Amino acid sequence: MGIQAPRGTRDVLPAESYRWQYLEACMRKAAASAGYRETRTPVFEHTELFLRGVGDTTDIVQKEMYTFLDKGDRSITLKPEGTAGAARCFLEHNLYAEPLPCKMYYLNAPIFRYENPQSGRLREHHQFGLECFGAQEPTADAELILLAYRLLSELGMRNLSVNINSIGCPKCRPVYHSRLKEYLAGKIGCMCDDCKGRFERNPLRVLDCKQKKCQELTKDAPSMLDLLCDECRDHFQELQACLKDAGIPYTVDPRIVRGLDYYTKTVFEMITATKDGNLTVCAGGRYDHLLQQIGGPDLPAVGFGMGIERVLMLAESESIQIPEPAWYDVFVTYMGTHRADAFRLTQLLRQEGLKADMDHCGRSLKAQFKYANKTKAPVTAVIGDEEAAGGTVKLKNMNTGEERSAAWEAAAAAVREMTEIKAKE
RNA sequence: GUGGGUAUAGCGUAGUUGGUUAACGCGCCAGAUUGUGGCUCUGGAGAGCGUGGGUUCGAGUCCCACUACUCACCCCA
């Protein structure tokens, strides 16, 4: 079989790349509409960044990172998520000294997690992410949620549910932690094995357990939302007011607990139902103390990540139409000895701003037409003895069959006229 | 990391209780007289059956191991 792409990776082939490009264009437009500008950060970072940023008790850090020593004995990790790298970039370049907030986005950032792949879960995937540094008000949170929601719904996603929660701040979360532990303490015996461990490390995770018996146990558990401090409660209230005002449907789900330790206050997920279960396409939240944790000033921030492969997968399953660009505007065929003429005409048409090509495989005229047809070229040009003698070219509209003759200099204009392609500036 | 399923030309599949030169559809290439495609017809190229062992006179068909893919769990975008 030869060498294959490594487990959990995928090639994007020429026949499908237009889908990515279409999505990218939509994402850039959405980000720009709210003043987010692109940033590009390295694919790998020092491992320490993720230990301190993401949290060393999280599953991502404990068992899913691609970590290795480079030849200089530095511990390097391929990015397992996008936020930590963006935060590092923000700090390293003192972007907090510039007018805040600093809004940045990244597109097609490769993300690596060593997991067992399955539908919608790869070892290398790509994310579109937005980060807003230096904004503490809930309007910033709302803006991000709206932006993601509108982007996805404008792409045609249906059955999109927006789930939000607040997980408090360092002031109120410890209070909740101890309350939750008190509540769960007597029930440890009935929990699943995973949750017994979670109880010690991060009791919040028990709420997130998918096991029926654990869900039963936590049914009447105290809710973080009842114990938020005044600041967090007001923040969450105002966020909801913004979302309501904007008219987007959302659900408050007190069980959302993200797998990254840096979150504070707002956390959210966008989930769509597919034929085989629910898929999270976008998730994020506020991380008011991450910058400080990795050695910077204590500035608030909020952001989200969106999985591009997942969006594409959903676009497919929901039969969302993505326009496929034609290979060519015009395909130049030639007969007998007129290859050089065809070459010159092709170059001329390209200089005139058209997508043009000719046969490079020594095919018969008939086969050249068959090929042109397969590429869906709307117009085919023919150069035979007659045309070569007169310095003209015959153009055929492949949809209507209409044929006309044109001088070389007028060929590009004629092709445009036949297909209504706008002339280049 | 744990458990289940699968593994035959570029793609999708068929291969009966193990037995001659592994079949079909799509795709690809070439033809169907004279300078032209899309429909149709004809022909052609292309796999030795994931890899390595084993059983057998003989294995794509049976056994073992490995690998890959896939699904579920865990977790997540």
Side-chain angles (χ1 to χ4, degrees), chain A residues 1-10 13 15 54 58-65 79-83 106 108-129 148 152 192-195 197-198 205 208-211 256-260 268-272 276-284 303-314 331-338 359 361-388 394-403:
Chain A
M1 190 79 207
I3 297 172
Q4 296 169 273
R7 186 170 171 75
T9 66
R10 260 205 54 197
L13 301 177
V54 177
T58 58
D59 278 13
I60 290 180
V61 169
Q62 284 192 330
K63 50 185 203 192
E64 294 177 356
M65 294 206 304
K79 273 194 282 198
E81 58 93 51
T83 299
Y106 43 88
N108 277 349
I111 300 293
F112 302 89
R113 288 184 201 161
Y114 194 87
E115 308 178 90
N116 266 347
Q118 56 186 281
S119 170
R121 198 175 69 186
L122 298 159
R123 287 186 173 176
E124 179 194 40
H125 76 278
H126 299 81
Q127 283 190 12
F128 166 56
L152 292 171
C192 71
D193 291 343
D194 286 331
C195 284
R198 291 181 182 129
R205 288 279 172 67
D208 205 28
C209 185
K210 305 296 184 292
Q211 300 262 334
I256 299 179
V257 181
R258 312 265 43 250
L260 303 139
F268 66 92
E269 301 175 336
M270 283 180 206
I271 299 175
T272 64
D276 24 45
N278 292 337
L279 202 63
T280 303
V281 275
C282 171
F304 73 72
M306 187 180 284
I308 296 183
E309 283 88 344
R310 286 192 179 177
V311 175
L312 249 12
M313 216 177 110
L314 292 167
F331 188 84
V332 178
T333 64
Y334 65 92
M335 298 182 56
T337 59
H338 303 295
D359 175 62
C361 300
R363 284 185 250 252
S364 68
L365 184 67
K366 193 189 190 91
Q368 292 178 52
F369 263 85
K370 280 191 177 175
Y371 178 81
N373 193 246
K374 276 172 204 148
T375 68
K376 301 194 182 79
V379 174
T380 301
V382 189
I383 301 177
D385 292 337
E386 282 174 36
E387 290 80 9
K394 186 175 281 179
L395 300 171
K396 176 170 183 174
N397 183 321
M398 295 295 272
N399 296 315
T400 63
E402 172 209 355
E403 287 192 342

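No hydrogens, no waters, no symmetry mates; every other heavy atom, side chains included, goes into these values. Fair warning: this is a prediction, and the values are worked out from it, not measured in the lab. Chain identifiers are assigned alphabetically (A, B, ...) following the order of the sequence lines, protein sequences preceding nucleic acid strands; residue numbering begins at 1 within each chain.
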5' precedence on RNA chain B between M306(A) and P6(A) (nearest-nucleotide basis) =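 The residue closer to the strand's 5' end, by nearest nucleotide, is P6(A).
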Considering heavy-atom distances to RNA chain B, does G8(A) or Q118(A) have its closest nucleotide positioned more toward the 5' end?
->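 Looking at RNA chain B, the more 5' nearest nucleotide goes with G8(A).
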Restricting to salt bridge (Lys or Arg N to Asp or Glu O under 4.0 Å), what partner residues turn up for [X], sequence neighbours left out?
X: R7(A); result: none
X: K63(A); result: D59(A)
X: E386(A); result: none
X: E64(A); result: none

Check whether any side-chain N or O of R363(A) sits under 4.0 Å from OP1 or OP2 of C29(B), and answer yes or no.
->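 The answer is yes; a side-chain N or O of R363(A) sits under 4.0 Å from OP1 or OP2.
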Considering only the [atom1] atoms, how many Å lie between [N] and [M], rounded to the nearest integer?
N: A7(B); M: C49(B); atom1: C1'; result: 10 Å
N: G5(B); M: G43(B); atom1: P; result: 43 Å
N: C63(B); M: G18(B); atom1: P; result: 11 Å
N: G50(B); M: U61(B); atom1: P; result: 8 Å
N: C26(B); M: U21(B); atom1: P; result: 27 Å
N: U8(B); M: G15(B); atom1: P; result: 14 Å
N: A72(B); M: A45(B); atom1: P; result: 43 Å
N: A30(B); M: A14(B); atom1: P; result: 31 Å

Between [X] and [Y], what is the shortest heavy-atom contact and its length?
X: S119(A); Y: M313(A); value: OG-CE, 3.3 Å
X: I383(A); Y: H338(A); value: CG2-CB, 4.0 Å
X: M398(A); Y: A377(A); value: CG-O, 3.4 Å
X: I111(A); Y: G82(A); value: CD1-N, 3.8 Å

Please report the distance, rounded to the nearest Å, between [atom1] in [X] and [atom2] in [N].
X: E115(A); N: C73(B); atom1: CD; atom2: P; answer: 13 Å
X: E269(A); N: C76(B); atom1: CD; atom2: P; answer: 9 Å
X: Y106(A); N: A77(B); atom1: OH; atom2: P; answer: 10 Å
X: R7(A); N: G1(B); atom1: CZ; atom2: C1'; answer: 12 Å
X: M313(A); N: U70(B); atom1: CE; atom2: P; answer: 12 Å
X: D59(A); N: C73(B); atom1: CG; atom2: P; answer: 15 Å
X: F268(A); N: A77(B); atom1: CZ; atom2: P; answer: 11 Å
X: K63(A); N: C73(B); atom1: NZ; atom2: P; answer: 14 Å

Could you tell me whether [X] contacts a base, only the sugar-phosphate backbone, or nothing, with contacts defined as non-hydrogen atoms closer than 4.0 Å?
X: A372(A); answer: nothing
X: G336(A); answer: nothing
X: L279(A); answer: nothing

Donor-acceptor pair, side chain of N397(A) and main chain of G401(A), under 3.5 angstrom =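 Between the backbone of G401(A) and the side chain of N397(A) there is no qualifying donor-acceptor contact (under 3.5 Å).
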Who are the side chain to side chain donor-acceptor pair (under 3.5 Å) partners of [X], not counting sequence neighbours?
X: N373(A); result: none
X: K79(A); result: T41(A)
X: E402(A); result: R404(A)
X: Q368(A); result: none

Can you give one letter per nucleotide of nucleotides 31-42 of chain B, 5' to 3': B if a protein heavy atom sits under 4.0 Å from the base, S if only from the sugar-phosphate, - if neither?
-> ----BBBB----
Tell me, what's RNA chain B's dot-bracket, Watson-Crick or G-U with both distances under 3.5 Å, | for other-strand, [ ] crossing?
-> (((((((..((((.....[...)))).(((((.......))))).....(((((..]....))))))))))))....
Is a donor-acceptor contact shorter than 3.5 angstrom present between the side chain of R113(A) and the base of A77(B)?
->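 Answer yes: a donor N or O sits under 3.5 Å from an acceptor.
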Would you kindly check whether a donor in the side chain of R310(A) faces an acceptor in the base of C76(B), or vice versa, at under 3.5 angstrom?
->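 Yes, a donor-acceptor pair under 3.5 Å.
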Just label G50(B) as syn or anti from its O4'-C1'-N9-C4 or O4'-C1'-N1-C2 angle, using within 90° of 0 for syn.
->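 Judged by the O4'-C1' to base torsion, G50(B) sits in anti, the angle falling more than 90° away from 0.
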For Y371(A), all residues meeting ring-ring contact (aromatic ring centres under 6.0 Å, His included), sequence neighbours excluded |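 Here the qualifying residues are F331(A).
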For nucleotides 2-10 of chain B, tabulate all protein N/O to nucleotide N/O atom pairs closer than 3.5 Å, reporting atom names and distance.
from, atom 1, to, atom 2, distance (Å)
U2(B), O4, N116(A), ND2, 2.8

